[in-house]
Visitor: 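Below you will find the structure I want to go over with you.
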Amino acid sequence: MAKKKAKYYYDKKAAKHAVDFIQKLCTHVKGEEAGMPLMLEKWQRDIIEKLFGWKRKDGTRKYRKLWLEIPRKNGKTSLSAAIGLYMLFGDDEPGAEVYFAAASKDQAKIGFEIAVQMTQQNKVLTKYAQVFKNSITKRDSGSSFKALSAEAYTKHGLNASCILLDEIHAQPDRELFDVLTTSMGSRRQPLTICITTAGIHKKGNFGWEMHREMKEVADGVTIDESTLAPFAADIIKW
């Protein structure tokens, strides 16, 4: 009897490519370590390796969503900005559209500005990028990285390849999430990064519902093989 081929395989080269991009090209932008390489902590490296290393049989990424629910002061926004830059420069996606989105423009700009500073602090990224007030573009492909706020009705017509949705718990409803994720329909291997602070939830709102859904995925109650949902307790075990 022929052995059934596995649905997924681990691509060490792809995982290393993503880790190397972040650690060699991305930097800290605040505090005493500003300008220093963004060396990943173990839990961060494990997430990056899983996210970009696991592949489907057709060679595309296994995971299409990352739910990152971690306490404050653990570098979620900087890690997300670095992932966004990798999706702009290193993902080989034609005409990539990367968006850092949040409930308010000010919040969305925080992550985006971190990505801008990372780009400006690195000679390699600067060589291939053009930095504008509201976007970072890749010179040779027209790919872009922008900040977006929650006026979801203005977001129709996008063709997102990567969404970094910050502070999920502050979203008034799921409209922005739905508009942005729906815009990814034509992409071969889209990626949605959902970022939220652990322990801040209001029952009945969008963040609480997403928290419940993702906890069920993490605990194996709901099977969703396309979602990586590490919670703080899980990360400690890694």
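Below, each value reflects all heavy atoms present in this structure, side chains not excepted, and no hydrogens, waters or symmetry copies.
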Visitor: If you measure from OG1 on Thr126 to CE on Met118, what distance do you get to the nearest 0.5 Å?
Guide: 13.5 Å

Visitor: Does any N or O in the side chain of Asp91 come within less than 3.5 Å of the main-chain N or O of Glu93, such that one atom is a donor and the other an acceptor?
Guide: no

Visitor: Please check if any side-chain donor atom of Arg64 sits under 3.5 Å from a side-chain acceptor atom of Thr60, or the reverse.
Guide: yes

Visitor: Nearest heavy-atom pair of Gly111 and Thr77: which atoms, and what distance?
Guide: CA-CG2, 3.7 Å

Visitor: Kindly indicate, with the supporting measurements, whether the criterion side chain to side chain contact (heavy atoms under 4.5 Å, CB included) is fulfilled by Leu228 and Lys65.
Guide: CA-CA 6 Å; Leu228 180 61; Lys65 182 192 297 178; over 6 Å; no

Visitor: Work out which heavy atom in Pro230 is nearest to a heavy atom in Ile47; give both atom names and the distance.
Guide: CG-CD1, 3.9 Å

Visitor: Compare all side-chain heavy atoms of Leu165 with those of Ile193 and state whether any distance is below 4.5 angstrom.
Guide: no

Visitor: Side chains of Gln120 and Val131: closer than 4.5 Å at any heavy-atom pair?
Guide: yes

Visitor: Indicate whether any N or O donor in one side chain lies under 3.5 Å from an N or O acceptor in the other, for Ser143 and Ser141.
Guide: yes

Visitor: Looking at side-chain heavy atoms only, is the closest gap between Phe132 and Thr137 below 4.5 Å?
Guide: yes

Visitor: Which is it for Tyr128 and Phe89 under the ring-ring contact (aromatic ring centres under 6.0 Å, His included) test, yes or no, and what are the steps along the way?
Guide: CA-CA 8 Å; Tyr128 293 100; Phe89 292 106; 7.7 Å; no

Visitor: Does any N or O in the side chain of Thr181 come within less than 3.5 Å of the main-chain N or O of Asp178, such that one atom is a donor and the other an acceptor?
Guide: yes

Visitor: Whether the side chain of Arg139 engages the backbone of Gln130 through a donor-acceptor N/O pair (distance < 3.5 Å, no angle test) should be reported.
Guide: no

Visitor: Give a yes or no on this: more than 12 heavy atoms of other residues, nucleotides or ligands lie within 6.0 Å of atom CG of Asp92.
Guide: no

Visitor: Ile195 versus Ser80: any side-chain heavy-atom pair under 4.5 Å?
Guide: yes

Visitor: Under 3.5 Å, is there a donor-acceptor pair between the side chain of Glu216 and the main chain of Val221?
Guide: no

Visitor: When you look at Leu158 and Leu148, which way does the side chain to side chain contact (heavy atoms under 4.5 Å, CB included) test go after all the steps?
Guide: CA-CA 11 Å; Leu158 301 178; Leu148 285 176; 3.7 Å; yes

Visitor: If you draw a 6.0 Å radius around NZ in Lys146, do more than 12 non-hydrogen atoms from other residues or ligands fall strictly inside?
Guide: no

Visitor: Got a donor-acceptor contact below 3.5 angstrom from the Arg56 side chain to the Tyr8 backbone?
Guide: no

Visitor: Quick one: do Lys16 and Lys13 satisfy side chain to side chain contact (heavy atoms under 4.5 Å, CB included)? Show the steps, please.
Guide: CA-CA 5 Å; Lys16 185 177 185 299; Lys13 185 177 179 180; 5.8 Å; no

Visitor: For Asn134 and Lys109, which heavy atoms make the closest approach, and how far apart are they?
Guide: OD1-NZ, 3.5 Å

Visitor: Given side chains that start at C-beta, do those of Lys55 and Lys62 come closer than 4.5 Å, heavy atoms only?
Guide: no

Visitor: Between Arg174 (side chain) and Phe206 (backbone), is there a donor-acceptor pair under 3.5 Å?
Guide: no

Visitor: Are Glu69 and Lys76 close enough for a salt bridge, meaning some N to O gap below 4.0 Å?
Guide: no

Visitor: Could you measure the distance from the CG atom of Asp166 to the CD atom of Gln171? Nearest 0.5 Å is fine.
Guide: 9.0 Å

Visitor: Under a 4.0 Å threshold between the charged nitrogen and the carboxylate oxygen, would Asp46 count as salt-bridged to Lys50?
Guide: no

Visitor: Out of curiosity, Gln23 CD to Arg45 CZ, how far, rounded to the nearest 0.5 Å?
Guide: 5.5 Å

Visitor: Roughly how far, to the nearest 0.5 Å, is OG1 of Thr119 from CD1 of Ile136?
Guide: 4.0 Å

Visitor: Might you point out which heavy atoms bring Phe145 and Ala115 nearest each other, and give the distance in Å?
Guide: CE1-CB, 3.6 Å

Visitor: Determine whether a donor-acceptor pair (N or O, by modelled atom type, separation under 3.5 Å) exists between the side chain of Ser161 and the backbone of Glu97.
Guide: yes

Visitor: Assess the side chains of Asp224 and Ser226: does a donor N or O sit below 3.5 Å from an acceptor N or O?
Guide: yes

Visitor: Measuring only between side-chain heavy atoms, which start at C-beta, is Thr192 closer than 4.5 Å to Phe177?
Guide: yes

Visitor: Measure the shortest side-chain to side-chain distance between Thr222 and Glu213 over non-hydrogen atoms and say whether it is less than 4.5 angstrom.
Guide: no

Visitor: I want to check something: taking the side chain as every heavy atom from C-beta on, are Trp67 and Thr196 in contact at a cut-off of under 4.5 Å?
Guide: yes

Visitor: Which pair of non-hydrogen atoms, one from Trp43 and one from Leu68, has the smallest distance, and what is that distance?
Guide: CZ3-CD1, 4.1 Å

Visitor: Going through the distances and angles, do Leu66 and Cys194 end up as a side chain to side chain contact (heavy atoms under 4.5 Å, CB included)?
Guide: CA-CA 6 Å; Leu66 169 65; Cys194 297; over 6 Å; no

Visitor: In Å and rounded to the nearest 0.5 Å, what is the CD1 to CD1 distance from Ile83 to Ile22?
Guide: 5.5 Å

Visitor: Locate the shortest heavy-atom distance separating Met184 from Pro190; write the atom from each residue and the value.
Guide: CE-CB, 3.4 Å

Visitor: May I ask whether Tyr10 and Leu51 are part of the same hydrophobic cluster, defined by side-chain heavy atoms of I, L, V, M, F, W, Y residues being less than 4.5 angstrom apart, directly or through others?
Guide: yes

Visitor: Could you tell me the separation between the OG1 atom of Thr27 and the CG atom of Leu125, rounded to the nearest 0.5 Å?
Guide: 8.5 Å

Visitor: Same cluster for Phe21 and Val124 if Ile/Leu/Val/Met/Phe/Trp/Tyr side chains link at under 4.5 Å?
Guide: yes

Visitor: Any chain of hydrophobic side-chain contacts (each under 4.5 Å) joining Met36 to Leu25?
Guide: no

Visitor: Please state whether the rings of Tyr86 and Phe52 are parallel, tilted or perpendicular, taking 30° and 60° as the class boundaries.
Guide: perpendicular

